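Worksheet: one structure, shown below.
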Amino acid sequence: MHFKLDGTDPQSGARAGTITTDHGVIETPIFMPVGTVGTVKGVHQRELREDINPDIILGNTYHLYLRPQTPVLEKAGGLHKFMNWDRNILTDSGGYQVYSLSANRKIKEEGVKFKSHIDGSYHVFTPENVMEIQRIIGADIIMAFDECTPYPCEYNYAKRSMKMTHRWLDRCIKHLEKTPLKYDYGQTFFPIVQGSTYKDLRKQSAEYIASVGAEGNAIGGLSVGEPADEMYEMTAVVTEVLPKDKPRYLMGVGTPVNILENIALGIDMFDCVMPTRNGRNGMLFTSEGIINIKNKKWEADLSVIDPQGITWVDTEYNKAYLRHLFTVNEMLGRQIATIHNLGFYLWLVREARKHILVGDFASWKNNMVKKLDQRL
RNA sequence: GGGGAGAUACUCAAGCGGCCAACGAGGACAGACUGUAAAUCUGUUGGUUUCACCUUCGCAGGUUCGAAUCCUGCUCUCCCCA
């Protein structure tokens, strides 16, 4: 993997860059659609490629390990071939499931014992086997196995957890060196900064993560319920420390406003289920503000979904029709909403990139933030 | 014509003397959702001046301290036999 800085915004910490991998070029800032189990829910690969056109998408180690299971992925020659996606893929390590499946797992120094949410069977994830599984899945960017702490998180717990995540990181790196590539392209490993919402822990963690000299770095444990201002504060502390010549990935963020604010703080990569999940649940992010398409007010509104027309669905369908599809619970409604939202998110980060390169990002951002937060 | 069953809130449907403004489901309305256990989850759904009162369980009477629940009549619906 190679990262090149193409430009920085004079008024903020925003950067535009280019990541090059064996599966192509990723222009940053980038939003990566989430495709947990080998599909960006509700979107055909063809639509993803042609209509939304992201350079990279996500998969999830825990979910893919449970189903279809690694032997199938290995037989297929990796996730790219299995799902027919020839651009970049990043896999999360399962660290987020340590948080989200908290009722079904037990954390120890050695690793995490999970109770499968599918059949109740027990599985153990360690830094070592997570690296092996990610080798088999074969994503271009693979993540360290970490503990994503909840919010709020008591200081002592956050500190202990952060230190364990650091020790796990060492084990990941050590084991990865012994685990050869499975396919004929490279894989890049990203470590993850933790430290909850404590500035000193975040700084300490960022310093540790920076010290391992990875080709890219991630920030985890945010967007887990903390107020946005706290998230920004933590991002600011961390980006101050992380190397400027490496991409920075803020995991799990966020709303369109969150993304713009974090771009301003020097983040290059984002992922979030919001455009897909909220889209399936009727929430549309548009150039004019946020719409709950299920609301009665759209019942007879024949105006197009988004006059900006970022993706073709925006102008081919009207609001009343889309609301109707949700009302009668037709899957097409969820598909349209998902394509629209992903198109919008990708448009947003591409627009941000343009403004960074032109040099007027800060003022453009402040303008956008006001519009994007509006509820229509 | 004879016999039987039934009418409950937007719909379906419980309730069979007080704990009933009335279970439950659907629908409707609204909210939530941030490295996806999520096509999921939550709330509201007779009215109002809402820790209370008023009007509701086909219609009209009656019994009772008290009725959606018991009695009488009426109206309507469905089923069976002619």
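Model, not experiment: these values are computed from the prediction. Residue numbers start from 1 in every chain, and the chains themselves are labelled A, B, ... in the order their sequence lines are given, proteins ahead of strands. Just so it is clear, the values below take in all heavy atoms, side chains as well, and ignore hydrogens, waters and symmetry mates.
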>> Let's see if you can work this out: which of U36(B), G35(B), A37(B) has an atom nearest to the side-chain heavy atoms of Leu101(A)?
In response: A37(B)
>> Taking any heavy-atom pair under 4.0 Å as a contact, classify Asn292(A): base, sugar-phosphate, or nothing.
In response: sugar-phosphate
> U34(B), A32(B), U36(B): which one has an atom nearest the side-chain heavy atoms of Val253(A)?
Replying inline: U34(B)
> Reckon Thr327(A) touches a base, only the sugar-phosphate, or nothing at all at heavy-atom distances under 4.0 Å?
Replying inline: sugar-phosphate
> Is there a donor on the side chain of Asn258(A) or the base of U34(B) sitting less than 3.5 Å from an acceptor on the other?
Replying inline: yes
> Picking from C33(B), G35(B), U36(B), which would you name as closest to the side chain of Asn278(A)?
Replying inline: C33(B)
> A37(B), A30(B), U36(B): which one has an atom nearest the side-chain heavy atoms of Ser100(A)?
Replying inline: A37(B)
> What is the nucleic acid contact for Leu58(A), judged by heavy atoms within less than 4.0 Å: base, sugar-phosphate only, or nothing?
Replying inline: sugar-phosphate
> If you check the Arg375(A) side chain, which of A37(B), U34(B), A32(B) turns out closest?
Replying inline: A32(B)
> Between C29(B), A30(B), A39(B), which one does the side chain of Arg323(A) approach most closely?
Replying inline: C29(B)
>> Tell me whether the count of non-hydrogen atoms from other residues, nucleotides or ligands lying under 6.0 Å of NE2 in His123(A) goes above 12.
In response: yes
> Are any of Thr36(A)'s side-chain N or O atoms less than 4.0 Å away from OP1 or OP2 of U36(B)?
Replying inline: yes
> Base, sugar-phosphate, or nothing: which does Asn281(A) touch, judged by heavy atoms less than 4.0 Å apart?
Replying inline: base
> With a non-hydrogen cut-off below 4.0 angstrom, is Gln194(A) in contact with a base, only sugar-phosphate, or nothing?
Replying inline: base
>> Heavy-atom count check: over 12 atoms from other residues, nucleotides or ligands less than 6.0 Å from Lys319(A) NZ?
In response: yes
> Is Gln97(A) near enough to G35(B) that one of its side-chain N or O atoms lies under 4.0 angstrom from OP1 or OP2?
Replying inline: no
> At under 4.0 Å between heavy atoms, what does Met274(A) touch on the DNA or RNA strands: base, sugar-phosphate, or nothing?
Replying inline: base
> Going by an N to O cut-off under 4.0 Å, is there a salt bridge joining Lys246(A) and Glu215(A)?
Replying inline: no
>> On RNA chain B, compare the nucleotides closest to Asn329(A) and Met251(A); which residue's is nearer the 5' end?
In response: Met251(A)
> Counting just side-chain N and O atoms, does Arg280(A) come under 4.0 Å of either OP1 or OP2 of U40(B)?
Replying inline: no
> Are there more than 12 heavy atoms of other residues, nucleotides or ligands under 6.0 Å from atom CD of Glu207(A)?
Replying inline: yes
> Is there a donor on the side chain of Asp146(A) or the base of G35(B) sitting less than 3.5 Å from an acceptor on the other?
Replying inline: yes
> Gly225(A) near the nucleic acid: base, sugar-phosphate alone, or nothing, with a heavy-atom cut-off under 4.0 Å?
Replying inline: nothing
>> Taking the minimum atom-to-atom distance to the side chain of Asn295(A), which one of G31(B), G35(B), U36(B) wins?
In response: G31(B)
>> Could you check whether His117(A) and Tyr62(A) have their ring centres less than 6.0 Å apart?
In response: yes
> Across the strands shown, which category fits Asn104(A) at heavy-atom distances under 4.0 angstrom: base, sugar-phosphate, nothing?
Replying inline: base
>> Roughly how many Å apart are U72(B) and G6(B), using the P atom of each and rounding to a whole number?
In response: 15 Å
> Does any nucleotide pair with G24(B) by Watson-Crick or G-U wobble geometry, both distances under 3.5 Å, and what is it?
Replying inline: C12(B)
> What is the ring orientation for Phe114(A) with Phe125(A), classed by angle as parallel under 30°, tilted 30 to 60°, or perpendicular over 60°?
Replying inline: perpendicular
